[in-house]
Amino acid sequence: MNQKNAKKFLFETFALHPKDVFHLARTSIDHHEDLIMHYHDYYEFFVISEGEGIHMINNEEFTIQKGSAYFIRPSDVHTFKKTSKEELVITNLAIKAHCIPHYQQRYFETPNQCFWNEDPLPFSYSFSESQLQTLLGHLEQMSISENSLLTLDLLLLHLFALLQKRPYQDGQLPPWLNYTLQEFRSPHYLKMGIVGFIQLSQRSGDYINRVIKKTFQKTLTELVLEERLNFAAHQLAMTNATIKGIYTNAGFENHSYFFRVFKKKFGVTPLQYRNKNHKVI
């Protein structure tokens, strides 16, 4: 659905004062009439605090659950659909449009590094339970604080610090790819391979491949293999885990294949790599 067929939400219609720079609200999706396809004249950050559902965004659908969060741009056309018996509770922060360029210029080397960027789909994230509770605490404090840029800064800088776990390589990694790479480097997702990478990114395989090809000059398959091998090498150097346990956690099912691709990348066998790099002091 494009903007012609969607309702436009205006910041001024729910701002309590003309000088307000943000509006914070908690919405429960429980009835069909609540589901309105819409876009805005403002930027938005929302997080799911309870329930499960579907986020319909720019003609695509994604599963959302407790901890799911999105950075919505004015041009994004979206709505929600509840899929569980319990209410789908959304805490959303609307931000006046003129405020966002300040953050883009001050905290990000290029506009596309900002979490509100120009990718086809908005940046999304899944907070852990502890992260979610901390964030909800910040939002609760925000709700009783002065509606000012200072109050907005305190919340957004907390978000930026939480999400920007490492510098972007050459200033070019989009936020969704940076997040996906960080979360992918765990046995749970490494074992899932390409399926896990796509699940984390919430983007199509074709789109991911195009971005990875442009960014790293390799395919998604090659990137997944590289991440698995790097994980195995790190575990060999830093732990006493068995080699079988390491390559299994890295997502390799075949002993011979793992040894072959590991030696091709590092020039030595896994055991030789461990003997060379694993120093016990």
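All values below come from the heavy atoms of this structure, side chains included, with hydrogens, waters and symmetry mates left out.
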Side chain to side chain contact (heavy atoms under 4.5 Å, CB included) evaluation trace for K265 with L225: CA-CA 10 Å; K265 178 175 176 62; L225 176 60; over 6 Å; no
side-chain hydrogen bond (donor to acceptor under 3.5 Å, both in side chains) partner of H38, chosen from H78, K8, K7: H78
Pairwise distance CG(L152) to CG(L157) - rounded to 0.5 angstrom: 9.0 Å
Any side-chain donor near an acceptor of the partner, Y247 and N254, under 3.5 Å: no
Is there a chain of hydrophobic side chains (I, L, V, M, F, W, Y, each step under 4.5 Å between heavy atoms) that links [X] to [Y]?
X    : Y    : answer
F22  : L149 : yes
F45  : L136 : yes
I54  : V89  : no
F258 : L271 : yes
I100 : L154 : no

Is it true that a side-chain atom of [X] and a backbone atom of [Y] form a donor plus acceptor pair closer than 3.5 Å?
X    : Y    : answer
T151 : E146 : yes
D20  : H17  : yes
N117 : C114 : yes
Q104 : W116 : yes
D41  : P74  : no
R274 : T239 : yes
N58  : D76  : no
S201 : I198 : yes

Centroid separation H23 to F9 less than 6.0 Å: no
Between F46 and F80, ring centroids under 6.0 Å: yes
Testing the basics here: between [X] and [Y], what is the closest heavy-atom pair and its distance to 0.1 Å?
X    : Y    : value
F184 : E227 : CE2-CB, 3.9 Å
L10  : Y42  : C-CE2, 4.1 Å
R203 : I208 : O-CD1, 3.6 Å

Non-hydrogen side-chain atoms of Q272 and N275 separated by less than 4.5 Å: no
4.5 Å side-chain heavy-atom contact, F197 and L181: yes
Stepwise side chain to side chain contact (heavy atoms under 4.5 Å, CB included) check, V261 with R228: CA-CA 10 Å; V261 293; R228 284 173 161 172; over 6 Å; no
Derivation and outcome, side chain to side chain donor-acceptor pair (under 3.5 Å), residues Q202 and Y70: CA-CA 11 Å; Q202 295 196 357; Y70 277 77; 2.4 Å; yes
Given V47, L155, I72, L159, the one that forms side chain to side chain contact (heavy atoms under 4.5 Å, CB included) with L93: L155
Verdict with supporting geometry, E87 and K82, salt bridge (Lys or Arg N to Asp or Glu O under 4.0 Å): CA-CA 7 Å; E87 290 182 332; K82 184 174 72 75; over 6 Å; no
[X] atom [atom1], over 12 foreign heavy atoms within 6.0 Å:
X    : atom1 : value
K218 : NZ    : yes
E61  : CD    : yes
H102 : NE2   : yes
Q217 : CD    : yes

ring-ring contact (aromatic ring centres under 6.0 Å, His included), paired with F160, selected from F115, Y125, F123: F115
Test log, rule side chain to side chain contact (heavy atoms under 4.5 Å, CB included), inputs H255 and T248: CA-CA 9 Å; H255 172 95; T248 299; over 6 Å; no
Criterion salt bridge (Lys or Arg N to Asp or Glu O under 4.0 Å) on K66 and E129, from CA distance to verdict: CA-CA 8 Å; K66 186 176 181 180; E129 180 64 27; 3.6 Å; yes
Check against side chain to side chain contact (heavy atoms under 4.5 Å, CB included), L88 and I48: CA-CA 7 Å; L88 178 64; I48 305 301; 3.8 Å; yes
